[in-house]
Enquirer: 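Quick one: the structure is below, and I'll ask about it shortly.
Below, all heavy atoms of this structure are taken into account, side chains as well, without hydrogens, waters or symmetry copies. Residue numbers begin at 1 in each chain, while the letters A, B, ... track the order of the sequences.
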Amino acid sequence: MYDRLKGFRDFYPEEMSSRREVTDALEGTARRYGFREVGTPALERVELYTDKSGEEIVDELYAFEDRGGRDVAMTPELTPTVARMVVEKGQALSKPIKWFSTRPFWRYEQVQQGRFREFYQTNVDIFGSSEPDADAEVLAFAADALTGLGLTGDDFEFRVSHRDILGGLLSAFEADVDVRAAIRAVDKSEKIEPAAYYDLLAEAGLSYDEAERFDALLATDDLSELVDFAGTDRVEAAVSNLQAVLDATEDFGVREYCTVSLETARGLDYYTGAVFECFDTQGDVSRAVFGGGRYDDLIESYGGQPTPAVGVAPGHATLSLLLRRAGVWPEEELATDYYVLRVGDTRPTAARVARDLRERGNVVETDVADRSFGAQMSYADSINAETVVIVGERDLENGEVTVKDMASGDQTTVPVDEFPGSDHPTYDDLS
RNA sequence: UCCGGGUUAGGGUAGUGGUCAUCCUUCAGCCUUGUGGAGGCUGAGACGCGGGUUCGAUUCUCGCACCCGGACCCA
């Protein structure tokens, strides 16, 4: 017996069919917004990640040297890869570029609820538009995908924030503030004690009074208060940008799912503008279900032309927790249209019948284990066959096959030459 | 890397320092070479791994692995 690796999962048919439903719903929504599917490698040069984030992240990667002496890593996320792709094609791509893909990613980290070492995400990104419409379209995609899966505004909310509002406010203080550290502190603020939060802000350079003032500002309902406080063009522009994004979500029909929450910051460094996280409003899924936001500087930092970008990446593991909690996780029963039951040496006819039914698009099984009549009936029952077609020696002697409806147990005989006939012949059509 | 709780057939469980480890379910075959859901019979199938204590360990003990939660981290 061999063990499955920790943090990696097998998906048996029952669960795989549920996952398929979810993936199809996400991708179907993306396609309807005109996002185009891209395919991407499972391995990248490790520098793609270390150049941006430092050597220490190698500890969290599946990284190794390949036989050609290249340092490679199994992709821990998609953004660097699609950014690389955009840089590589440059001006050959007409803007805006709208891409999606569903894929596994790998991170060598501790397994927890909703977190595995191999995990699946559907990434959706728009490159080449700095307009608020692009941010709003990403939010609209995400909201439509979730409602398409059966969730409602009672189940989830998008907490929308803005990196430049946070950065602009911090710069407005007298103190010399480490903006990056302060934003990380904000990102943690809801998970830690207020005192610890203020300590972190203090470490970032704010005095205790300033930290208190900053915290109060983030809690405001009136964004104009922020503009008044800072008195800078930067904050004014950032606030009006956030407002424009929200206005666009109104027109796109998803404003109701969005809540302004400046305490939401996202841990990632590369975000620049509007950012958001999806939360379970019932609070059962403790961490953010997924997040997204604007990252206008990444393409340029990879050596491309300045290219604004915004994206979101629903992770399937946390999403499935939310769907199960909300009672809308798709549970599909195994379905089979026909079981073609063979008795005696009737394979030529049974095979022909099965083939004809499959050509009509039906799901058809037949005996491949040379089992007894009773065992075949039992198997047909276990795969939820709707109809059993009995191709037996006795039937064929009369030039017939027997068609049995499994739900009622009723059965009838039909001339073998006339079966299957119509597209999806059932007992009712034939009796 | 750290903290807490776990691990007995495919799934769910009972139990014990000592003869064949309990029961339910599942799976396969048969009763019934032509009728599934019911019943009966037969069979398959487990003490996570390693060390220690002991005459003897699935049981006590230590370590490890894995699972479930959480901390850290979340590019």
Enquirer: If you draw a 6.0 Å radius around CG in A/Asp345, do more than 12 non-hydrogen atoms from other residues or ligands fall strictly inside?
Expert: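 No.
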
Enquirer: What salt bridge (Lys or Arg N to Asp or Glu O under 4.0 Å) pairs are there with at least one residue in residues 13-22 of chain A, not counting sequence neighbours?
Expert: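 Counting only pairs at least two positions apart or across chains, the salt bridge (Lys or Arg N to Asp or Glu O under 4.0 Å) contacts touching residues 13-22 of chain A are A/Glu15-A/Arg324, A/Arg20-A/Asp24.
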
Enquirer: With sequence neighbours left out, write down each residue that passes ring-ring contact (aromatic ring centres under 6.0 Å, His included) with A/Tyr197, or none if nothing qualifies.
Expert: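 By the ring-ring contact (aromatic ring centres under 6.0 Å, His included) rule, A/Tyr197 matches no residue at all.
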
Enquirer: Of all of residues 76-89 of chain A, which get a heavy atom below 4.0 angstrom from RNA chain B, listed by number?
Expert: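 Contacting residues: A/Pro76, A/Glu77.
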
Enquirer: Any salt bridge linking A/Glu263 with A/Arg159? Criterion: basic side-chain nitrogen under 4.0 Å from a carboxylate oxygen.
Expert: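 Judged by the 4.0 Å cut-off on N to carboxylate O distance, A/Glu263 and A/Arg159 do not form a salt bridge.
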
Enquirer: For A/Ala134, give me all partners under side-chain contact (heavy atoms from CB on, under 4.5 Å), at least two apart in sequence or on another chain.
Expert: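 Counting only residues at least two positions away or on another chain, A/Ala134 forms a side-chain contact (heavy atoms from CB on, under 4.5 Å) with A/Ile126, A/Ser129, A/Arg294, A/Val310.
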
Enquirer: With a 4.0 Å cut-off on heavy atoms, is A/Gly409 in touch with a base, just the backbone sugar-phosphate, or nothing at all?
Expert: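 Counting heavy atoms under 4.0 Å across all strands, the contact made by A/Gly409 includes a base.
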
Enquirer: Would A/Asp155 and A/Arg325 pass as an ion pair if we require N to O under 4.0 Å?
Expert: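 Judged by the 4.0 Å cut-off on N to carboxylate O distance, A/Asp155 and A/Arg325 do form a salt bridge.
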
Enquirer: Are A/Asp125 and A/Lys98 close enough for a salt bridge, meaning some N to O gap below 4.0 Å?
Expert: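 No, this pair does not count.
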
Enquirer: Set out, line by line, the N/O atom pairs under 3.5 Å between protein and nucleotides 25-34 of chain B.
Expert:
residue : atom : partner  : partner atom : Å
B/rA28  : OP1  : A/Arg371 : NH1          : 3.4
B/rG34  : O6   : A/Glu393 : N            : 3.3
B/rG34  : O6   : A/Arg394 : N            : 2.5
B/rG34  : O6   : A/Asp395 : N            : 3.3
B/rG34  : O6   : A/Asp395 : OD1          : 3.1
B/rG34  : N1   : A/Asp395 : OD1          : 2.4
B/rG34  : N2   : A/Asp395 : OD1          : 3.4

Enquirer: My understanding is that only residues two or more places apart in sequence, or in another chain, count here; which of them pass ring-ring contact (aromatic ring centres under 6.0 Å, His included) with A/Trp99?
Expert: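 Applying ring-ring contact (aromatic ring centres under 6.0 Å, His included) to A/Trp99 gives A/Phe127.
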
Enquirer: May I ask you to evaluate whether A/Lys6 reaches the phosphate of B/rC66, defined as a side-chain N or O under 4.0 Å from OP1 or OP2?
Expert: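 Yes, within the criterion.
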
Enquirer: Counting side-chain heavy atoms from CB outward, which of B/rC74, B/rG36, B/rG70 is closest to A/Met377?
Expert: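 Taking heavy atoms from C-beta onward, the closest nucleotide is B/rG36.
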
Enquirer: Pick out the pairs of N or O atoms, protein on one side and nucleotides 43-50 of chain B on the other, that lie under 3.5 Å.
Expert:
none

Enquirer: Could you check whether A/Gly114 gets within reach of a base, just the sugar-phosphate, or nothing at all, counting any heavy atom under 4.0 Å?
Expert: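 The residue A/Gly114 makes no contact with any strand.
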
Enquirer: When the P atoms of B/rG63 and B/rC72 are considered, how many whole Å apart are they?
Expert: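 To the nearest whole Å, 26 Å.
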
Enquirer: Under 4.5 Å between any side-chain heavy atoms of A/Thr75 and A/Thr81, yes or no?
Expert: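 A/Thr75 reaches A/Thr81 side chain to side chain.
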
Enquirer: Show the atom names and distances, to 0.1 Å, of all donor-acceptor pairs under 3.5 Å that link a side chain in residues 410-425 of chain A to residues at least two apart or in another chain.
Expert:
residue  : atom : partner  : partner atom : Å
A/Asp410 : OD2  : A/Ser408 : OG           : 3.2
A/His424 : ND1  : A/Asn362 : OD1          : 2.6
A/His424 : NE2  : A/Glu386 : OE1          : 3.4

Enquirer: Considering residues, nucleotides and ligands other than A/Glu359, do more than 12 of their heavy atoms fall under 6.0 Å from its CD?
Expert: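 Correct, the count exceeds 12.
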
Enquirer: Contact class for A/Arg4 (heavy atom, under 4.0 Å): base, sugar-phosphate, or nothing?
Expert: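 Contact class for A/Arg4: none.
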
Enquirer: Please list, chain by chain and in numerical order, all residues satisfying ring-ring contact (aromatic ring centres under 6.0 Å, His included) with A/Tyr108, sequence neighbours excluded.
Expert: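 A/Tyr62.
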
Enquirer: Can A/Arg9 and A/Glu118 be counted as an ion pair, charged N to O under 4.0 angstrom?
Expert: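 So A/Arg9 does not pair with A/Glu118 through a salt bridge.
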
Enquirer: Answer with yes or no after comparing the ring centroid distance for A/Phe8 and A/Phe116 against a 6.0 Å cut-off, counting only values under it.
Expert: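 Ring-ring flag for A/Phe8/A/Phe116: false, centres at least 6.0 Å apart.
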
Enquirer: Using a cut-off of under 3.5 Å, enumerate the N/O to N/O pairs linking the protein to nucleotides 71-73 of chain B.
Expert:
residue : atom : partner  : partner atom : Å
B/rA71  : N7   : A/Gln112 : NE2          : 3.3
B/rC72  : N4   : A/Gln112 : NE2          : 2.6
B/rC73  : OP1  : A/Lys188 : NZ           : 3.0
B/rC73  : OP2  : A/Lys188 : NZ           : 3.3
B/rC73  : O2   : A/Arg115 : NH1          : 3.4
B/rC73  : O2   : A/Arg115 : NH2          : 3.0
B/rC73  : N3   : A/Arg115 : NH1          : 2.7

Enquirer: Counting Watson-Crick and G-U wobble pairs whose two distances are both under 3.5 Å, find the runs of 3 or more in a row that involve RNA chain B.
Expert: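 In RNA chain B, stems of three or more pairs: B:1-7 with B:65-71, B:10-12 with B:23-25, B:26-31 with B:39-44, B:48-52 with B:60-64.
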
Enquirer: Applying ring-ring contact (aromatic ring centres under 6.0 Å, His included), name anything that partners A/Phe141, two or more places apart in sequence or on another chain.
Expert: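 Expected list: none.
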
